[in-house]
Each structure stands twice: as structure tokens, then as C-alpha cells.
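Residue indices begin at 1 and follow the sequence shown. Excluded from the calculations below are hydrogen atoms, water molecules and symmetry mates; all remaining heavy atoms, backbone and side chain alike, are included. Bear in mind that the values here come from a model prediction, so they are computed numbers and not experimental data.
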Amino acid sequence: MINLTDSAVNAIKSAISSSTHPTGGLRVMIEAGGCNGFKYKMGLVEEPKPDDTVIDCDGLKVFVDNKSREHLIGTTIDFVMALESSGFTFHNPNATANCSCGKSFS
């Protein structure tokens, strides 16, 4: 359903290991808003919610809520290190248009 590149897995595992809060995995979700209608949100959380789909990506748990699932099917999340900016990128085959910021889509 969601794929994480090795670079993304390493960045998330590093964030988990340095977190001062108990962390059970990564929540990935879609919210209305952003430049193009929907925006991606991610964050470390302690445990999944009852209606979450739980995905194992190389030993890392990813939690996706039911509302976001249909928008994220087939999405690959990468972590890119660049001089101008570093961060997570989303390659979503369901997006018909993407904002130049890379964090929102329609």
C-alpha cells in the first residue's frame, strides 16, 4: 500500500531513536488543505488508532487511517538530502496534480 525507500526508513528510525516520547510507529495521513486541495501529514505516534491499517516497512510500523488510505495506495515516501532543502518527498500515483512544494496534491 505505502512504500518507504531505504533512505526514508533510516531517517524515520533515526527520529524514533532520538525521540524522548514512546514511539510505536509513523502515522501518515491526508488532510484537506495545502496549495492543491490535499496535504500530507506525518508524525511519530505511540500506537495505532482502532481503525488504522498497520503496514510493516522493513521493521517500521506505518499507521494509515481509513480516510487517507484510498489517497495513499501505491505511494512511495522517500527522504532526500539536498543543498537547497532536505526532507520527505511523496511519489503518489493517485495525484492528478502536485504543488511545487511537494507536500500537497489533488
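- In terms of heavy atoms, N92 sits closest to I73 at OD1-O, 4.5 Å.
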**Asked** Would L72 and T75 count as a side-chain contact (heavy atoms from CB on, under 4.5 Å) if you check the C-alpha gap in whole Å, the side-chain angles of each, and the deciding distance to 0.1 Å?
**Response** CA-CA 5 Å; L72 292 170; T75 297; 4.1 Å; yes
**Message:** If you apply the rule salt bridge (charged side-chain N to carboxylate O under 4.0 Å, His left out), what do you find for D56 with K61, and how did you get there?
**Reply:** CA-CA 5 Å; D56 185 275; K61 300 290 184 201; 3.3 Å; yes
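- When each of D52, L44, V64 is tested with R27 by the rule side-chain contact (heavy atoms from CB on, under 4.5 Å), just one qualifies, namely D52.
- Annotation: K13, atom NZ; neighbour count of heavy atoms from other residues, nucleotides and ligands within 6.0 Å is above 12.
- A pairwise comparison of heavy atoms in C57 and V62 identifies SG-CG2, 4.1 Å as the closest pair.
- At a threshold of 4.5 Å between side-chain heavy atoms, the hydrophobic network of Ile, Leu, Val, Met, Phe, Trp and Tyr places L26 and M29 in two separate groups.
- Taking the six-membered ring where the residue is Trp, H71 and F38 present tilted rings, their angle falling between 30° and 60°.
- If you check the side chains of N10 and S7, you find no donor sitting under 3.5 Å from an acceptor.
- Partners of K41 by salt bridge (Lys or Arg N to Asp or Glu O under 4.0 Å), not counting sequence neighbours, listed by chain and number: E31.
- Scanning all heavy atoms of the two residues, the minimum distance from P93 to G74 falls at CD-O, 3.4 Å.
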**Message:** What verdict does the side-chain contact (heavy atoms from CB on, under 4.5 Å) test give for I12 and F79, after you've listed the backbone C-alpha separation in whole Å, the side-chain angles of each residue and the deciding distance to 0.1 Å?
**Reply:** CA-CA 9 Å; I12 296 163; F79 185 80; over 6 Å; no
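- The closest side-chain heavy-atom distance from T23 to V45 is not below 4.5 Å.
- Cluster annotation: F63 is not connected to M1 through the hydrophobic network of ILVMFWY side chains, with a link wherever side-chain heavy atoms come within less than 4.5 Å.
- For the pair S68 and V28, the minimum side-chain heavy-atom distance is 4.5 Å or more.
- In this structure a side-chain-to-backbone donor-acceptor pair under 3.5 Å is missing from S19 to A15.
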**Asked** Given the rule in the side-chain contact (heavy atoms from CB on, under 4.5 Å) test, do T53 and I55 qualify, once you have shown the distances and angles that lead to the verdict?
**Response** CA-CA 6 Å; T53 297; I55 305 159; 4.1 Å; yes
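- Closest non-hydrogen pair, A32 versus K39, comes out as O-CE, 4.1 Å.
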**Request:** For T89 and I77, run side-chain contact (heavy atoms from CB on, under 4.5 Å): C-alpha distance rounded to whole Å, both residues' side-chain angles, the deciding distance at 0.1 Å, then the answer.
**Result:** CA-CA 6 Å; T89 61; I77 301 172; over 6 Å; no
